Structures are given as structure tokens and as C-alpha cells.
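The structure under discussion appears below in the form of C-alpha cells.
Values in this document were obtained by computation on a predicted structure and should not be read as measured data. Order of appearance sets the numbers: ligands from 1, and atoms from 1 within every ligand.
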Amino acid sequence: MQRVTFGSMPSSFVKVLKFGGSSVGSAESLARVASIIRGEAAACRPVVVVSALAGVTDLLVSLIDSKDPETIIARLAKRHIELAEAVLDGRRRYSYLRTIGGILDGLRERCQLPDNGFRSASILATGELLSAPLVAGLLTQEGVVAQAIDARRLVVTGPKGVDRIQTRQRIRAWFEDLSRFVLPIVTGFVASDEEGNTSVLGRGGSDYTASLFAEAVEAAKFDRWTDVDGLYTADPNKVKGAGKFLFLLLEDASSWNESSALGMHTEAFVPVLEACIPVHVRSTRFPQGDGTLILPRLLPGRIERDSRRQLAHANHTPQIAPTTEARINGFQ
Ligand code: ASP
Ligand code: MG
């Protein structure tokens, strides 16, 4: 039988790491996120997807019909400036404040426009455009070459939602060109239509962004970082004795989520299910915890295919015969 050895070199497999609004909402949580990302970057090639800071998209929702946009924009500016002051040093802070100055000027202009069908989406998209450069600035300050990526040029929507084929092609082309020494911090939730008008993926849409990226870059895993250590049978803060899932089947999680039990964006399960990618729900407050590992039913077939590819690439001869199940599932 083929011997599989454990190496000490950093591996090149890709992981998508998604951080929700509460994970990037305060100086303490941002510091935890930066340390998690640095740890992951030492072991794999991460693609990071971030939401807007907690509460920011709600503020933007209230901005859409507000009679007093300046007050809301001033609150948004204050929130981001205070956080930048808490986590970024002089040079990085200066460059971040310049970036968000331009974004907030654009927001102010859009608020004054009459509704042309795209106004609301372009207002809502602002939260992620403000958060991604903050996370990228913090990581760069800590010695990682990180770059904020505006997903509007990569995620394409059409009349029926995301155009999966175009989106996959664009993400793949972008990822092929991206230096492996650059760590991308991608804006969740935001997209654009074929004419380049800004669109958004619906509330909670950063999960969907992360799933689309995971599929396109053929990620080994999608880590969904949040502030609870996994999925429970009921809200553990309310129901005494609520049980935690260590493992779940992705197919079950997807159908439970449709009955709104899991609180994930409903479409977020589709790309990872199709591409057979495990989803790991983990807590930034307790990163050493097990979280909940959500595994696709066909994962063994994918492992078999991937490990053979790797062995063949390393000039080994795989000596295990394909299992019946792998053949049936089209992995051979
Ligand atoms: N910021 C967006 C929202 O609050 C998207 C997300 O957080 O996933 O809905
Ligand atoms: Mg959010």
C-alpha cells in the first residue's frame, strides 16, 4: 500500500475563511481575526471574505429613505474612524482614512440621486467596501501582504440572481493571476450586473459570496467564522441543554436551513454542495474549539479523487482500486 508521509512545508491547499459582521465589529474581535488569519496563512492559502462591521448594513438600510442622510453618514464615518484609530498605526491609518473618505463621498452623492433601480444596492454595498480595506490594512501592518478585493468585479448577477457560470469564470481568472504571496480580503455581499451596476446578494449574502469563491477556487474547505462555537439543536442562550452538533451532513444542513433553522443565506449551500466542499462553523472567541464540521455526503469520493491526483503529481503510483461508490458518483 502507498505510504502517505507528513511534510513540514507549508501546504498550498486553498481555504475560504469567512468572517461575519460581529467578528470584524470591534478592536478586540479584529485582533482575534487577524491572528486567526495569520495562523491559517502559515498553513494554507487562504481566501478571506468579510462582511460589513456589525450593525453597518442596518444603518445603510435606514439611509436609503432617510431625510437626514448626513447624520447617518457621519455615524458611519465615526464608527470606521474610531476602529481604524484603535487598530491601525499612523501610516496605515492615514491610507485607510483616505480610502474611506473617497467611499463616503461616493455614498453621499448616491444618496442624492433619484432612484434608478440601482441606488439602494449601491448604498447597501458600502458597508463591505469600508470593512475589507480595514482588515487588509491591519494584516499588512502585521507583516502579511494583504489586499482588499472589490467583489463587484467578480460576482455577476442577472435577472435570476447570481450568474454562476460567469462568476466562476471571473473568479478563476482572477485567482490564477493573483500572486500566491498576496492574501486577498474579499468584500462579501456585493456584486454587479452585466452592465456593471452595483447589486447585492440579499441579507446575510457574505455566506453566499464565500461559497461561490470556495467553489470557483476549488477550496479544500470553507471555514465560516462567527461568534458561536458551532451549530446547536436550539439557541444555547435560551434553551437549557441544547445539544451541539460536532458533525452534520451538508445535505441535512442545507434542508434545515431552508426551514430557516440555521440562519445561513439559503443559496449559500448550493455551490459548496455541488463542489463537495466541507463547511466548518467555528468561533473567533474560541478558535481552539471543534465548532461544527458540515460534511458533504460525497466527500469520500472527493478525497479519493484529490489524493490520487496529488499522489500521481508526486510521481507515485496509487495502488488502491477505486471504490464502487466513487465510480458511481463519477469521481473516477
Ligand atoms: N452585511 C450584509 C448583511 O448584514 C451581508 C452579510 O453580513 O453577510 O446582511
Ligand atoms: Mg452583516
Side-chain angles (χ1 to χ4, degrees), residues 16-26 29-30 32-33 47-66 72-73 75-77 79-80 83 100 103-104 106-107 110 118-136 148-152 154-157 161-162 167 171 184-192 198-215 222-228 231 253-254 257-258 260-272 279-284 294:
V16 169
L17 316 175
K18 182 255 171 180
F19 295 91
S22 58
S23 303
V24 292
S26 68
S29 48
L30 268 177
R32 285 197 290 266
V33 165
V47 171
V48 176
V49 175
V50 291
S51 294
L53 311 188
V56 162
T57 309
D58 291 336
L59 261 184
L60 292 165
V61 169
S62 69
L63 184 57
I64 293 173
D65 295 318
S66 170
I72 299 176
I73 295 174
R75 277 178 69 191
L76 281 169
R79 178 88 198 277
H80 290 84
L83 200 47
I100 67 165
I103 296 171
L104 292 171
L107 177 65
R110 281 191 295 279
F118 312 111
R119 180 179 172 272
S120 305
S122 70
I123 292 175
L124 294 178
T126 312
E128 275 70 9
L129 301 179
L130 293 168
S131 65
L134 180 62
V135 178
I149 303 292
D150 181 347
R152 287 180 299 178
L154 301 174
V155 181
V156 189
T157 53
V162 172
T167 299
I171 297 174
I185 312 290
V186 180
T187 53
F189 182 56
V190 306
S192 62
T198 298
S199 52
V200 288
L201 304 184
R203 294 306 304 267
S206 302
D207 283 329
Y208 194 16
T209 307
S211 181
L212 291 163
F213 273 75
E215 182 207 19
F222 163 7
D223 283 352
R224 182 180 187 258
W225 288 94
T226 163
D227 52 3
V228 285
L231 299 174
S254 169
N257 190 54
E258 270 165 36
S260 84
L262 301 182
M264 245 171 99
H265 190 287
T266 45
E267 274 159 293
F269 281 102
V270 179
V272 281
V279 179
H280 198 173
V281 179
R282 308 178 69 180
S283 167
T284 53
I294 313 179

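- One N or O on the side chain of T284 and one on the backbone of T226 form a donor-acceptor pair closer than 3.5 Å.
- In E128, the part holding a heavy atom less than 4.0 Å from any atom of ligand 1 is the side chain.
- Taking any N or O of K18, backbone or side chain, none lies under 3.5 Å from an N or O belonging to ligand 1.
- Enclosure of atom CZ in R119 by more than 12 non-hydrogen atoms of other residues, nucleotides or ligands within 6.0 angstrom is indicated.
- When each atom of ligand 1 is checked for a heavy atom of S51 under 4.0 Å away, the hits are 6 (C), 7 (O), 8 (O).
- Distances from ligand 1 to the non-hydrogen atoms of G204 include at least one value under 4.0 Å.
- The residue from L130, T126, L129 that alone fulfils the side-chain contact (heavy atoms from CB on, under 4.5 Å) condition with L107 is T126.
- For ligand 1, the atoms sitting less than 4.0 Å from at least one non-hydrogen atom of R203 are 3 (C), 4 (O), 9 (O), numbered in the order shown with element in parentheses.
- At least one donor-acceptor pair closer than 3.5 Å links the side chain of T187 to the backbone N or O of A151.
- In this structure, G205 is part of the shell of residues with a heavy atom less than 4.0 angstrom from ligand 1.
- Of the options S22, S29, S23, a side-chain contact (heavy atoms from CB on, under 4.5 Å) to S26 is made by S29 and by none of the others.
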